[in-house]
Each structure stands twice: as structure tokens, then as C-alpha cells.
Amino acid sequence: MASSSNIEEDMAIDSSNLSICVERKPSESRLAELGIKSWPKWGCPPGKFPLKFDAKETCYLLKGKVKAYIKGSSEFVEFGSGDLVFFPKGLSCTWDVSVAVDKHYKFDSA
């Protein structure tokens, strides 16, 4: 199991106390362990996109740059190419995409 010592947690908290966690530049072995290359892909152009997470999502950005603003807060979490990002179930946020995104993603229904 991979060590969590390389996880940098950017706290962006809304009234529900939900936060986005970013693991900066995970190793190739960590990506292989998660099976990221077998996950579906999704992309979007620059712009602002409101998102609501009905399930926990883990995504790995192949390219792009995003500031995610938590609903009800002026705080944001910034992530981009090479980052592994975790969104909790129930989170609402707006993605402000400055560089087009291409990512692998996986939803956990649990």
C-alpha cells in the first residue's frame, strides 16, 4: 500500500465540512496500483462549470488547470496536470477551468 505522506491536503470547506484533497504528482507505481489507465476519460474546454458530486470521485488530470470553488465559500482548491484529486460525495463546487482538462476518473458508489 502506498504511503500517504505525499498527500497534500488543500482545505476548502463548505458548511457541510466537505473538502477536496489533492495528491500532487503521484508516482507511476501509485497510478498503476489504482489502475488509472483503465478508468474512463473526460474532458472540458476552458470555462466555468457547476458540479455536484452524487458519489465520491477520484480523478487524475492528464492535462489542464482548475480552480474549484466550494459552494457557499470564497475559498478554492487549485489543481492541474499530474494531480490526483479526491471529491467527497455530496460536494457542490464550481470548476473555473483556465486550461482545457483531460482526465481519467472513477466514481465510488460506497
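The chain is numbered in sequence order, starting from 1.
By the 4.5 Å heavy-atom criterion applied to side chains, Thr58 and Trp39 are counted as neighbours.
Minimum heavy-atom separation, Val97 to Val99: CG1-O, 3.2 Å. Closest non-hydrogen pair, Leu18 versus Pro88, comes out as CB-CG, 3.9 Å. Closest of all the heavy-atom pairs between Glu57 and Cys59 is OE2-CB, 3.5 Å. Heavy atoms only, all atoms of each residue included: Pro45 and Ala100 are closest at CA-CB, 4.2 Å. In terms of heavy-atom proximity, Gly35 sits nearest to Ser38 at O-OG, 2.7 Å.
Residues forming a salt bridge (charged side-chain N to carboxylate O under 4.0 Å, His left out) with Lys63 (at least two apart in sequence, or on another chain): none. Remark: Tyr105 pairs with Phe107 by the ring-ring contact (aromatic ring centres under 6.0 Å, His included) rule, at least two apart or across chains. For the side chain to side chain contact (heavy atoms under 4.5 Å, CB included) test, no residue two or more places apart in sequence or in another chain qualifies with Lys37. The side chain to side chain contact (heavy atoms under 4.5 Å, CB included) check on Tyr60 picks up Pro26, Leu31, Ile36, Leu62, Leu84, with sequence neighbours excluded. In this view, Lys65 and Glu78 satisfy the salt bridge (charged side-chain N to carboxylate O under 4.0 Å, His left out) rule, not counting sequence neighbours. Residues passing the salt bridge (charged side-chain N to carboxylate O under 4.0 Å, His left out) test with Asp102, sequence neighbours excluded: Lys41.
Expressed to the nearest 0.5 Å, how far CD of Glu33 lies from CD of Glu28 amounts to 12.5 Å. For the atom pair NZ of Lys25 and CG of Asp83, the computed distance is 5.0 Å after rounding to the nearest 0.5 Å. If you take NE2 on His104 and CG on Leu34, they are separated by 12.0 Å, rounding to the nearest 0.5 Å. Atom NZ of Lys67 sits about 14.0 Å away from atom OG1 of Thr94, to the nearest 0.5 Å.
Ring geometry, Phe87 versus Phe79: the interplanar angle exceeds 60°, so the pair is classed perpendicular (tilted spans 30 to 60°).
Between the side chain of Ser73 and the main chain of Ile70, no donor-acceptor pair closer than 3.5 Å is present.
Ile20 and Trp42 fall within a single hydrophobic cluster, where Ile, Leu, Val, Met, Phe, Trp and Tyr are joined by side-chain heavy atoms under 4.5 Å apart, directly or via other members.
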(message) With side-chain contact (heavy atoms from CB on, under 4.5 Å) as the criterion, how do Cys93 and Phe53 come out once you've worked through the C-alpha distance, each side chain's angles and the decisive distance to 0.1 Å?
(response) CA-CA 9 Å; Cys93 64; Phe53 294 88; 3.8 Å; yes
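Heavy-atom neighbours of Lys52 NZ from other residues, nucleotides or ligands within 6.0 Å: above the threshold of 12.
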